[in-house]
Structure formats: C-alpha cells, structure tokens
Asks: 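The structure is given below, and queries will be raised subsequently.
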There are 2 protein chains.
Amino acid sequence: MAGIEEVAKKAGVSTATVSRALSGRGYVSEATRSKVRGAASELGYVVSSTASGLASGRTRNVGVVVPLLSHWYFSTVVEGAETALLRRGYDTTLYNLMGGEAERRSVFTHFLLRKRVDAVIAINLELTVDEVRALHDLRKPLVGIGGPIPDVPTLALDDFEVARLATSHLAGLGHRRIGHIGGGREFDIDFHLPTTRRRGYEVALADAAITLDERLIRPADFTMKGGYVAAKQLLGSPVDRPTAIFAASDEMAIGAILAARDLGLSVPRDVSIIGVDDNQQAPFFDLTTIAQFPRQQGETAVDLLLAELGESTTAPTDLNLPFELVVRGSTARPQE
Amino acid sequence: MAGIEEVAKKAGVSTATVSRALSGRGYVSEATRSKVRGAASELGYVVSSTASGLASGRTRNVGVVVPLLSHWYFSTVVEGAETALLRRGYDTTLYNLMGGEAERRSVFTHFLLRKRVDAVIAINLELTVDEVRALHDLRKPLVGIGGPIPDVPTLALDDFEVARLATSHLAGLGHRRIGHIGGGREFDIDFHLPTTRRRGYEVALADAAITLDERLIRPADFTMKGGYVAAKQLLGSPVDRPTAIFAASDEMAIGAILAARDLGLSVPRDVSIIGVDDNQQAPFFDLTTIAQFPRQQGETAVDLLLAELGESTTAPTDLNLPFELVVRGSTARPQE
DNA sequence: GTGAAAGCGCTAACAG
DNA sequence: CTGTTAGCGCTTTCAC
C-alpha cells in the first residue's frame with residue numbers, strides 16, 4: 001500500500017507535485033509529470049479516494065437512483081450511465097428505492113447526504129421539493145431522466161409525440177379501427193406517462209379523421225400478461241374488432257401478439273400491432289415499435305452531469321430524448 | 001452542513017462521544033446517546049463518509065462487480081444485494097465489466113484499489129489469481145456468486161443436480177425421448193455451466209435407463225431465439241421427435257414453447273418443456289422450471305460478506321444455493 | 001513550475 | 001463512561 005509520500009520520494013519531488021501531476025490540476029512540467037507517473041505505476045500507487053475526497057471535497061463518485069432495477073429499461077439506463085462514468089474515472093453508487101417509503105426516506109435523508117457522491121442522477125423518479133432542496137443545499141448537481149422534475153434539468157421522452165407517431169403509422173397504413181392498450185388512469189404513476197401516451201393516440205386519430213371509440217381503449221398494467229388480457233378483450237369479439245393495436249409498451253405489445261395467435265388471428269394479416277421501447281425481445285417477435293434508447297439515455301445524463309460539475313464542455317443542449325419508428329413485421333396494411 | 005463539532009457543542013459533550021454515540025462503537029451511556037442523537041437530528045447532521053472513512057479505514061461501501069447488468073438474472077442479484085446492504089447502512093458501488101478487457105483491467109487495477117470499498121461481491125466472474133490477490137493484499141473480503149473462484153468463498157448453484165432434477169421430472173412423467181437444448185461446448189463460459197447441466201441431463205437419463213441419443217441434444221446460446229431455433233430442429237422431424245425437452249434456461253424454454261406452437265404442436269400434450277431459472281416470464285408462459293432465487297442470492301452474499309467484515313454473526317454455512325422444481329403447465333405425461 | 005505546511009472532518013488510543 | 005489529542009492521506013493555498 002504505497003502512499004503519496006513514497007511516490008514523491010521515488011520521483012524526487014514533493015507530495016504536492018505528485019498530487020498535481022496525477023490529478024491534472026495546476027501546473028506541472030511534462031518531464032516531472034512523466035517521472036511521477038512512472039514512480040506511481042512502479043509502486044502500484046492509486047490515490048485513496050477517502051483521503052482525496054476529504055481534502056478536496058470531490059469524491060469522483062456519482063449516485064444513481066432508480067425506483068427498481070430488475071427491469072430491462074432501468075438496468076439498461078444504469079448500464080449506460082455506469083459505463084460512461086467509469087470511462088471518465090467516476091464510480092457509480094446505486095440506490096434502488098424498491099423497498100418502499102421508508103427506504104426512500106433513508107436514501108434521501110441519510111445515504112445521499114453523507115458526502116459519498118458528487119452528484120446524483122435520478123431515473124424516473126418524481127422527487128419532492130424537499131428531496132431536491134436537500135441535494136441543492138449540499139451543492140450536489142442533480143439531473144433527471146424521465147422528468148420533468150421542478151428545478152432540475154431533466155432528459156425526457158416526448159410521450160405525446162411517441163404515441164402520436166405510433167398511431168399515425170397505423171393510420172398511415174390505412175387502419176381505421178385502431179385499439180389502444182395502456183391508457184389506464186389507474187396506472188398513472190411515472191409523470192402520467194399512460195395518460196400522455198393516450199392523448200397522443202387520440203390526437204393522431206383526430207389527425208386522421210378517425211372517430212374515437214372508447215371501447216377500443218383498454219387499460220393495462222404494462223406487463224406482458226396485462227397486454228395479453230387486454231388484447232383478448234379487444235380482439236375477442238368478431239364484430240367491430242380493431243384491425244390494429246397501439247400498445248404503450250413492448251411488453252404489452254408482445255402479450256397482444258400472443259393473444260392474437262391464441263385467438264387464431266395472424267399478425268399482421270388480421271391485426272397489426274405496434275409497441276413502444278424496442279426492448280430486447282422486440283426483434284424476436286418481429287415487433288414494429290417506437291424505439292427509445294435507454295443506454296444512450298444513461299450516457300447523455302452523465303454528459304449533462306459532468307458539464308454541471310465543470311468536467312466537460314460538451315453538455316447536451318437538447319433535453320428531449322430521441323425516439324424512432326422501427327418498422328418490423330408486426331404491422332401492415334389492413335386486409336381489403 | 002453541520003459538522004461533528006457543532007453536534008458536540010449542542011449536546012454538551014466531546015466530539016469523541018458524538019462519534020461513539022452515533023457509530024455504536026465503544027461505551028456511551030443511554031442518556032448521552034439519546035442527547036447526541038437528538039442534537040444530530042435537529043442539526044440534520046450526517047457523518048461525512050470521506051472523513052470517517054479516512055480516519056477509520058472503513059467506508060461502509062461494498063463493490064458489486066457484474067459481467068453485465070441488463071439481464072434479468074444479474075439485475076435481480078444486484079437488487080437483492082443492494083437492498084440487503086442498504087438495510088445495514090452500506091452503500092453499493094457498481095462495476096459493470098461489459099466494456100471488455102480494458103474496462104475490466106481498469107476496474108481491478110484502479111477503481112477497486114482506491115479504497116472506496118470495504119469489500120467486493122463478484123457475480124458470475126471467473127477471477128484470475130492476480131485479481132484475487134490484488135484484493136486480498138488490500139485485506140478486502142471478497143465473496144463470489146456462481147463460483148467456484150479459488151481461495152474465495154463462493155455461493156454456487158449445483159448445476160449438475162439442477163439438470164438432473166429437471167430431466168428426472170420428465171423421465172418420471174414417463175417420457176423416454178427427452179431432448180436437451182443448451183449443451184453446447186462453444187458457449188462454455190461461466191464456469192462450464194452448459195457442460196455441467198448437460199452432464200446432469202445425461203446422468204438422469206442413465207438413472208432412468210434411457211439410452212442417450214446425441215441427435216436429441218442441440219447447442220444454443222441461452223437466448224429465446226436460440227431456444228426457438230434449436231427446438232424447431234428437434235421438433236421439426238415427424239419421426240423420432242422427442243416428447244419432452246429440457247432447456248438449460250427459461251429463455252430458451254420459452255423459445256422452445258413458441259417453436260412448438262409454430263409447428264402446430266400443443267404444449268404439454270404433444271411435447272413437455274422444462275426450463276431453469278423461474279424468470280419473470282415463466283409464470284406467464286405457464287412454464288415448469290427449476291427455480292433459482294437471484295434476489296436471495298444477492299442477500300445471502302451480503303450476509304456472508306458482513307460476517308467476514310465482522311459485522312454479523314449469522315454467516316450462512318451452506319454455500320450451495322437453493323433451487324426448487326416448480327411444476328406448472330408445460331409438462332405432463334406423454335400421450336399414449 | 002515546485003515545495004512547505006495547514007487543514008479537510010472524523011476516529012481511536014489513551015488517560016482519567 | 002467520557003474527554004484530549006494525534007493522526008488518517010491527501011489537496012491546496014501561499015511563497016518562492
């Protein structure tokens with residue numbers, strides 16, 4: 001366990017110079033710098049993050065807070081953020097809020113305040129003003145994904161436009177009876193995502209001069225099973241059956257595909273189905289979907305954060321997250 | 001940002017007493033302790049983990065290293081570990097090695113050595129002796145999941161027995177032609193899991209006096225698509241088609257179910273299918289499987305680790321991870 | 001461009 | 001049971 005002193009001795013300089021040479025702060029001649037680097041690596045020296053953190057106030061550690069980890073979307077965002085942070089020399093400390101209110105309180109009143117992290121990324125979390133203030137008081141930059149969070153720069157997907165694009169794709173193919181799975185107000189957590197997507201669906205219908213039929217809208221819980229059950233309802237009746245379905249997530253869309261199959265309907269011949277996400281299973285089910293890019297979202301959040309920490313000059317200017325229609329085999333023109 | 005000094009003043013004691021009262025180390029009278037607690041919470045005092053870490057050598061932070069995060073198994077193990085750690089007052093710092101060799105090297109030669117963590121949990125990672133030594137030299141306890149790693153206590157699933165149990169379930173139902181998906185030596189990473197499971201399959205066949213038929217074994221890559229493709233091969237030919245399939249993972253088993261459906265075969269009437277994992281989709285597909293419990297695995301790893309850190313007396317004694325046959329609707333007796 | 005030295009905020013002997 | 005005090009290993013003025 002070599003310390004800075006030994007490196008200094010070996011390089012024939014002072015500890016102050018070693019610190020400057022290795023951290024890149026302050027002036028050091030190129031010659032000295034490489035001498036120090038050499039000594040450090042020969043000794044296997046790595047700065048102690050606790051000592052450095054105490055002295056400088058910077059920990060090179062970022063807290064990433066998620067409501068849940070064991071789901072494709074969240075684990076992929078975290079993966080993207082962790083990779084980007086590691087590349088910049090930062091560690092990632094993970095806080096999963098799944099445990100409920102008590103756990104959430106302890107994270108915000110204790111864990112995040114003990115100066116282990118320089119900044120925080122909050123993923124799909126509706127933070128209270130108190131939670132935001134606690135972090136602001138500590139001068140910890142905070143960025144969100146999936147916002148909006150008041151007073152916090154937040155990367156967000158335009159769910160309204162996403163839904164509108166998906167629905168327009170179906171309308172553009174010639175569908176007139178388009179069902180929707182996912183618009184239940186009872187699942188209106190997460191910044192009202194279900195309601196917003198439903199509004200996009202409704203507006204796209206209006207754009208195409210299609211009259212809204214409330215019976216074609218089924219609430220569901222964003223799981224494959226929920227999509228399956230909803231689609232069975234939608235597709236089960238032989239009269240006035242929709243020829244297309246916009247599901248607000250890929251999981252529900254895949255559930256709908258399986259429901260269609262179980263009903264003896266062929267996708268896309270008898271019914272077209274489109275989802276949202278482009279998750280890992282979408283290609284296998286040949287699902288047309290609106291892709292979002294969670295890994296990139298994590299990386300972009302890191303760019304934004306490092307800019308706030310003054311570590312970078314390339315702050316993303318557009319806080320709107322990209323999305324893209326991916327046309328695969330689950331959508332087609334309706335039959336004549 | 002109140003410091004320990006202010007708390008000490010407010011409580012009318014010394015900083016040392018505050019430290020003792022709050023950390024629980026050393027003797028403090030109950031009266032003093034509650035006085036200190038009161039003062040601390042009034043001031044919103046939270047110990048600085050950098051200062052505390054520097055002074056004590058303990059960071060109350062554990063590193064969790066995974067080869068990949070965006071997969072059900074890994075994110076669930078991490079979730080379990082994070083929850084258990086948070087409950088004990090520990091933070092979780094995540095290292096994802098997905099980036100390849102360079103990233104892996106930097107994690108082991110730099111990130112883990114900078115004294116940010118007290119201990120390390122390695123999930124499904126074949127650590128080199130150098131990597132283990134680097135950690136041992138720092139006196140950082142290390143526990144593995146999915147081992148074995150030399151010189152490291154490792155929680156592991158007995159893949160041989162898992163496969164044997166799955167195959168015996170099928171044989172016990174009366175199946176004689178039992179296929180296997182997943183035994184490819186070409187996917188033999190992860191401690192030879194595929195090969196071990198294949199051996200369990202072979203031994204179970206022998207137990208049931210069934211002659212091994214090499215044509216009934218198809219290698220696959222542990223994805224749904226891989227399972228689908230392999231099952232199509234296995235089930236496609238009308239003669240000598242297996243009446244049951246043991247897939248080495250639920251994802252492949254689900255792919256096999258979908259392949260059977262596409263071939264017009266009914267599960268379980270025409271073919272029984274069993275998987276391994278009990279992942280989140282298994283119930284939806286009514287899949288019989290050998291469950292493993294990744295969340296608990298993460299928690300158990302934490303128990304083991306905290307025992308090594310001297311924080312706990314309840315070290316798990318059995319390093320064999322539990323598994324369990326979950327019979328659902330995808331397996332049944334073969335047709336007469 | 002480099003060195004000397006004063007902390008950063010807490011913990012852990014040690015003494016009482 | 002509690003207070004005093006000397007660090008923990010760096011970073012950062014401030015001189016030079």
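By convention in this document, chain letters (A, B, ...) are assigned in the order of the sequence lines, proteins followed by strands, and residues within each chain are numbered from 1. Worth knowing before you read on, the calculation uses all heavy atoms, side chains too, and leaves out hydrogens, waters and symmetry mates.
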Asks: Rounded to the nearest angstrom, tell me the gap between atom CZ in A:Arg116 and atom C1' in C:dC10.
Replies: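 These atoms are roughly 14 Å apart.
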Asks: Among pairs that include at least one residue of residues 94-104 of chain B, which meet side chain to side chain donor-acceptor pair (under 3.5 Å), considering only residues two or more places apart or in two chains?
Replies: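 As it turns out, the side chain to side chain donor-acceptor pair (under 3.5 Å) pairs with a partner in residues 94-104 of chain B, which skip direct neighbours, are A:Asp91-B:Tyr95, B:Arg104-B:Glu131.
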Asks: When the distance from NZ of B:Lys35 to C1' of D:dC1 is rounded to whole Å, what number comes out?
Replies: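 So the two atoms are 12 Å apart, to the nearest Å.
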Asks: When you match B:Ser14 and B:Lys115 each to their closest nucleotide on DNA chain D, which lands nearer the 5' end?
Replies: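 It is B:Ser14 whose nearest nucleotide is closer to the 5' end.
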Asks: What's the angle between the local helix axes at either end of the helix from C:dG1-D:dC16 to C:dG16-D:dC1, using five pairs per end and rounding to 10 degrees?
Replies: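 Axis angle across the helix from C:dG1-D:dC16 to C:dG16-D:dC1, nearest 10°: 20°.
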Asks: Tell me, please, which residues at least two apart from B:Glu6 pass side-chain hydrogen bond (donor to acceptor under 3.5 Å, both in side chains).
Replies: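 In terms of side-chain hydrogen bond (donor to acceptor under 3.5 Å, both in side chains), with neighbours along the sequence ignored, B:Glu6 is linked to no residue.
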Asks: If the condition is side-chain hydrogen bond (donor to acceptor under 3.5 Å, both in side chains), which residues does B:Glu79 pass it with, not counting sequence neighbours?
Replies: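 With sequence neighbours excluded, B:Glu79 shows a side-chain hydrogen bond (donor to acceptor under 3.5 Å, both in side chains) to A:Ser70, B:Arg295, given in chain and number order.
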Asks: Identify which nucleotide among D:dG3, D:dT11, C:dA4 has an atom closest to any side-chain atom of B:Val13, counting heavy atoms from C-beta outward.
Replies: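 For the B:Val13 side chain, the nearest candidate turns out to be D:dG3.
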Asks: Go through the structure and list residues passing salt bridge (charged side-chain N to carboxylate O under 4.0 Å, His left out) with A:Arg105, not counting sequence neighbours.
Replies: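 Not a single residue meets the salt bridge (charged side-chain N to carboxylate O under 4.0 Å, His left out) criterion with A:Arg105.
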Asks: Please give me every residue in residues 42-61 of chain A whose heavy atoms get under 4.0 Å of an atom in DNA chain C, ordered by residue number.
Replies: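 Only A:Leu54, A:Ala55 qualify.
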Asks: Expressed in angstrom and rounded to an integer, what is the separation of A:Leu113 atom CG from C:dC10 atom P?
Replies: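 Whole-Å distance recorded here is 13 Å.
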Asks: Roughly, in whole Å, what's the span from CG in A:Asp118 to P in C:dC8?
Replies: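 After rounding, the gap between these two atoms is 19 Å.
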Asks: Going by the rule side-chain hydrogen bond (donor to acceptor under 3.5 Å, both in side chains), which residues pair with A:Glu299 if we only count those two or more places apart in sequence or in a different chain?
Replies: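 Applying side-chain hydrogen bond (donor to acceptor under 3.5 Å, both in side chains) to A:Glu299 gives none.
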Asks: Would you mind listing every side chain to side chain donor-acceptor pair (under 3.5 Å) that reaches into residues 43-53 of chain B, with sequence neighbours excluded?
Replies: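 Pairs touching residues 43-53 of chain B that pass the test: B:Ser48-B:Thr50.
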Asks: List the residues meeting side-chain hydrogen bond (donor to acceptor under 3.5 Å, both in side chains) with A:Thr32, not counting sequence neighbours, and say none if there are none.
Replies: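 Residues passing side-chain hydrogen bond (donor to acceptor under 3.5 Å, both in side chains) with A:Thr32: A:Ser29.
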Asks: Can you name the residues that form a salt bridge (charged side-chain N to carboxylate O under 4.0 Å, His left out) with A:Arg33, not counting sequence neighbours?
Replies: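 So A:Arg33 forms a salt bridge (charged side-chain N to carboxylate O under 4.0 Å, His left out) with A:Glu30.
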Asks: Output, in order, the C-alpha distance, side-chain angles, deciding distance and verdict of side-chain hydrogen bond (donor to acceptor under 3.5 Å, both in side chains) for B:Gln297 and B:Tyr73.
Replies: CA-CA 10 Å; B:Gln297 292 175 12; B:Tyr73 176 77; 2.7 Å; yes
Asks: Can you tell me the distance, in whole Å, between the NZ atom of B:Lys9 and the P atom of D:dT4?
Replies: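 Distance check: B:Lys9 NZ to D:dT4 P gives 13 Å.
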Asks: Could you pull out all donor-acceptor pairs under 3.5 Å where a side-chain atom in residues 136-154 of chain B meets a protein atom, sequence neighbours excluded?
Replies:
{"residue": "B:Lys140", "atom": "NZ", "partner": "B:Val117", "partner atom": "O", "Å": "3.0"}
{"residue": "B:Thr154", "atom": "OG1", "partner": "B:Val152", "partner atom": "O", "Å": "2.8"}

Asks: In residues 15-33 of chain A, which residues come under 4.0 Å of DNA chain C by heavy atom?
Replies: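 A:Ala16, A:Thr17, A:Arg20, A:Tyr27, A:Val28, A:Ser29, A:Thr32, in order of number.
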Asks: Assess whether side-chain contact (heavy atoms from CB on, under 4.5 Å) is satisfied between B:Arg114 and A:Arg60, documenting all intermediate values.
Replies: CA-CA 11 Å; B:Arg114 54 172 156 175; A:Arg60 298 192 77 76; 4.0 Å; yes
